[in-house]
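Below, chain A is the first sequence line, B the second, and so on; all start at residue 1.
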Amino acid sequence: MHFSKLFIPTLKESPADAEVISHKLMVRAGMIRQVASGIYSILPLGLRVLRKVEQIIREEMNQIDGQEVFLPSIQPAELWIESKRWDFYGKELLRIKDRHGREFCYGPTHEEVITDIVRKEVKSYRQLPILLYQIQTKFRDEVRPRFGIMRGREFMMKDAYSFHTDEEDTQRTYNQMAQAYTNIFNRCGLNFKQVQADSGTIGGSFSHEFAVLADSGEDDIGFCESCGYASNLELAESKPPAPSTPPATRQEIKEVETPGQKSVEDVAGFLNLSARQIVKTILLENEHGLVAGLVRGDHEINPVKLKNLIGCEWLQPAGEEVISRHPELHCGYVGPVGLDLPVYADCEISAMYDFVTGANKTSTHFTGVQVERDLKIKQFSDIRTVKADDPCPRCERGVYQVKRGIEVGHIFILGTKYSSAMKAVYLDQQGKENAMIMGCYGIGVGRTAAAAIEQNHDDKGIVWPRNLAPFQVIIIPVNYSNEDLKTVCDTIYDQLQETGIETLLDDRSDRLGGKLKDADLLGIPLQIIVGPKNLSAGQVEIKIRKTNESDLHPYPEVIADIPSILKGL
RNA sequence: CGGGAUGUAGCGCAGCCUGGUUAGCGCACUUGACUGGGGGUCAAGGGGUCGGAGGUUCAAAUCCUCUCAUCCCGACCA
């Protein structure tokens with residue numbers, strides 16, 4: 001392609017409303033433009049990159065017998081009512097009416113549509129398993145879109161769905177999918193981790209995320225480098241407490257005055273104790289009312305773990321307004337002793353003796369509290385959030401590291417949640433009807449491209465991983481109106497094109513400086529700079545974007561080496 | 001949905017506090033000349049209902065009220 005013919009509106013300055021580096025660079029490199037909050041136009045250069053990601057995904061999906069389909073983005077309400085998600089999905093579901101007043105939504109995901117197709121067309125165990133996927137736009141009316149196409153409302157996604165007769169077969173496909181995802185993100189040149197994840201509102205029993213490690217990520221990833229265990233922090237297991245021997249004499253429970261001492265730090269300082277000797281009581285609210293969670297003073301409660309433990313629909317920290325409706329609860333002095341609420345305690349509490357809790361009385365705490373004597377615990381479980389340097393639960397010596405991650409892929413075993421609700425059944429060998437077992441698997445296409453930029457850039461611009469680069473090579477003449485240079489550049493261009501290397505020829509009349517700045521900004525892996533001085537010495541300059549290394553090479557001999565130079569990048 | 005901020009030319013910004021010529025600057029754009037190895041120089045141009053509506057005033061980009069949009073933090077999120 002000739003640069004002058006391509007629509008690549010590059011900018012010298014970053015847009016004022018861009019915060020993260022990938023957003024800034026994608027706008028500056030002329031890849032995307034914003035249309036409305038969370039809604040973007042993809043320009044030619046951006047689309048070339050997205051197509052690269054898509055192609056890699058297609059190849060890996062086809063490799064494991066996935067078949068590509070294309071489902072509608074506008075979906076009838078009936079299907080969503082049938083799966084019970086019309087009410088459950090909430091405001092994120094963009095609802096629309098057609099001219100007849102019939103209700104539709106813009107698909108945020110496609111379990112309903114795909115299950116509808118499969119239930120109509122698949123009747124026998126002989127037709128299973130089946131794996132279908134598509135790549136198309138989704139719309140989720142996010143509360144707060146941000147970071148360019150990293151978290152847009154409309155976005156490109158690959159979603160795949162599999163249907164099976166039994167758990168084992170589902171697990172097999174799930175594992176193949178995990179391997180395919182690993183291949184995909186490796187080919188995209190990303191540094192990522194496959195981590196345990198919560199299945200959230202999509203439901204299901206088993207799930208992993210693929211997280212690209214980057215500071216701008218929105219998730220916290222906990223992982224252990226000794227054994228490789230990795231998990232989203234909202235699910236990361238903590239190591240059970242080592243059995244401890246109780247002190248010879250146990251303290252008696254005692255009320256102490258703690259006026260104005262509400263936080264753990266306050267109380268610890270006031271009583272001259274460590275936070276580890278205090279038990280925090282956190283009040284949370286779910287559809288059944290209030291519950292209490294106990295964690296050690298230096299720990300944080302993990303609502304996701306607690307929600308999964310209780311098995312409730314939702315769970316959130318109780319607001320002041322809710323607490324104020326309970327006169328027996330005093331903010332800052334709530335404690336588990338004699339508390340008339342279901343009390344869940346973190347495992348670590350079971351190894352504590354002589355600790356401090358709130359006394360359910362203003363300006364008062366208890367000291368010398370003992371679990372078995374003073375507390376009524378509904379259940380002990382792992383309900384705290386792990387921190388960096390916590391011991392790894394899966395190996396002897398390892399400790400947690402915590403880093404930010406961008407969720408680029410997520411795979412789930414759904415079980416029969418949708419197939420039961422929507423009666424997607426098949427006849428088994430005995431002629432008996434069974435619900436199909438499902439899995440679903442997603443990749444954010446645009447987010448993957450953005451994540452690649454987050455991991456591969458410098459102060460000059462993008463540094464594309466080779467497989468995602470919109471072009472492999474850019475030819476930059478010092479002056480394209482010079483006939484000799486033009487001839488050489490055209491020759492190199494034709495030669496590379498014939499070899500199948502995607503090449504961009506910067507035929508613009510701009511001065512060299514501007515063209516070099518743009519080439520760096522666009523992040524094309526290899527630059528060939530053709531100037532009169534070097535050329536008269538029979539040489540051209542070749543610059544590697546990633547390393548900034550620039551060397552003179554004999555022309556025309558070097559052109560034949562370009563493919564091998566590229567392979568080495 | 002709570003908290004914070006910003007809307008002035010395609011992009012980045014100043015002017016606003018303390019109202020008063022024709023609303024400025026840099027980049028980009030158009031024309032011409034010179035130039036040609038890291039965003040060049042000179043000259044001449046085009047482009048604005050100062051986000052919108054209402055109000056105060058002799059006079060509003062500037063003060064007041066409402067509203068819309070966008071961004072950030074939090075909550076939320078396959």
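- Residue contacts shown for A:D520 include a base, since a base heavy atom lies under 4.0 Å away.
- Look at the P atom in both B:U30 and B:C66: the space between them is 45 Å, to the nearest Å.
- A salt bridge (charged side-chain N to carboxylate O under 4.0 Å, His left out) with A:E300 is found for one member of A:R384, A:K387, A:K280 and no other, namely A:K280.
- Using N1 to N3 plus N6-O4 or O6-N4 for Watson-Crick, or N1-O2 and O6-N3 for G-U wobble, each under 3.5 Å, B:G19 pairs with nothing.
- The residues A:E549 and A:K543 are annotated as not salt-bridged, no charged nitrogen and carboxylate oxygen being separated by less than 4.0 angstrom.
- Among the atoms of the strands shown, base atoms are found under 4.0 Å from some heavy atom of A:N534.
- Shown here, B:U56 forms no base pair; nothing in the strands shown gives a Watson-Crick or G-U wobble contact with both key distances under 3.5 Å.
- Listed nucleotides: B:C1, B:G38, B:G39. Nearest to the side chain of A:V143: B:C1.
- Across all strands, A:S481 comes closer than 4.0 Å to no nucleic acid atom at all (heavy-atom distances).
- For B:G47, there is no paired nucleotide, since no Watson-Crick or G-U wobble pair has both relevant distances below 3.5 Å.
- In the set B:G38, B:G39, B:A75, B:G39 carries the atom at the smallest distance from any side-chain atom of A:K12.
- Among the protein residues, A:D159 comes within range of no part of the nucleic acid, since none of its heavy atoms lies under 4.0 Å from any strand.
- Positionally, the nearest nucleotide of RNA chain B for A:P15 lies more toward the 5' end than for the other of A:P15 and A:S509.
- Ion pairing between A:K305 and A:E237 fails under the 4.0 Å rule for side-chain N and carboxylate O.
- At the heavy-atom level, A:Q34 lies under 4.0 Å from the strands shown only through sugar-phosphate atoms.
- At a threshold of 4.0 angstrom between heavy atoms, the contacts of A:G513 are confined to the sugar-phosphate backbone, with no base atom among them.
- Taking atom P in both B:A14 and B:U6, the straight-line distance is 10 Å, to the nearest Å.
- Considering only the side chain of A:I529, B:G37 comes nearest among B:C77, B:C73, B:G37.
- Across the P atoms, B:A43 and B:U49 are found 29 Å apart, a figure rounded to whole Å.
- The residue among A:M157 and A:A18 whose nearest nucleotide of RNA chain B is located toward the 5' end is A:A18.
- Comparing B:C27 with B:U41, their P atoms sit 8 Å apart, to the nearest whole Å.
- If you check distances only, the side chain of A:R146 never reaches the base of B:C71 with a donor-acceptor pair under 3.5 Å.
- Ion pairing between A:K515 and A:D506 fails under the 4.0 Å rule for side-chain N and carboxylate O.
- A salt bridge links A:E68 and A:R58; the closest N-O separation between the charged side-chain nitrogens and carboxylate oxygens is under 4.0 Å.
- Figure legend. B:G24 is base-paired to B:C13; pairs are counted as Watson-Crick or G-U wobble with both atom distances under 3.5 Å.
- When both pairing distances are held under 3.5 Å, B:U41 makes a Watson-Crick or G-U pair with B:A33.
- A salt bridge does not link A:R146 with A:E19: every distance from a Lys NZ or Arg NE/NH1/NH2 to an Asp or Glu carboxylate oxygen is 4.0 Å or more.
- By the 4.0 Å N-to-carboxylate-O rule, A:E218 lies too far from A:R404 to be salt-bridged with it.
- Remark: B:C77 base-pairs with no nucleotide; criterion is Watson-Crick or G-U wobble with both hydrogen-bond distances under 3.5 Å.
- Rounded to the nearest Å, the gap between the C1' atom of B:C63 and that of B:C16 is 10 Å.
- Distance check on atom C1': B:G51 versus B:A9 gives 14 Å, rounded to whole Å.
- The residue A:F147 sits close only to the backbone: its heavy atoms come under 4.0 Å of sugar-phosphate atoms, none of a base.
- Distances from the side chain of A:K533 to the nucleotides B:A75, B:G37, B:C71 place B:G37 closest.
- We find that CD of A:E19 is positioned 8 Å from C1' of B:C71, with the value rounded to whole Å.
- The nucleotide B:C71 finds its pairing partner in B:G4, both defining distances of the Watson-Crick or G-U wobble pair being shorter than 3.5 Å.
- Annotation: B:U62 and B:G26 have their C1' atoms spaced 23 Å apart (nearest Å).
- Side-chain proximity of A:A16 to the nucleotides B:U70, B:C72, B:G12 is greatest for B:G12.
- B:G48 sits 15 Å from B:C29 when the C1' atoms are compared, rounded to a whole Å.
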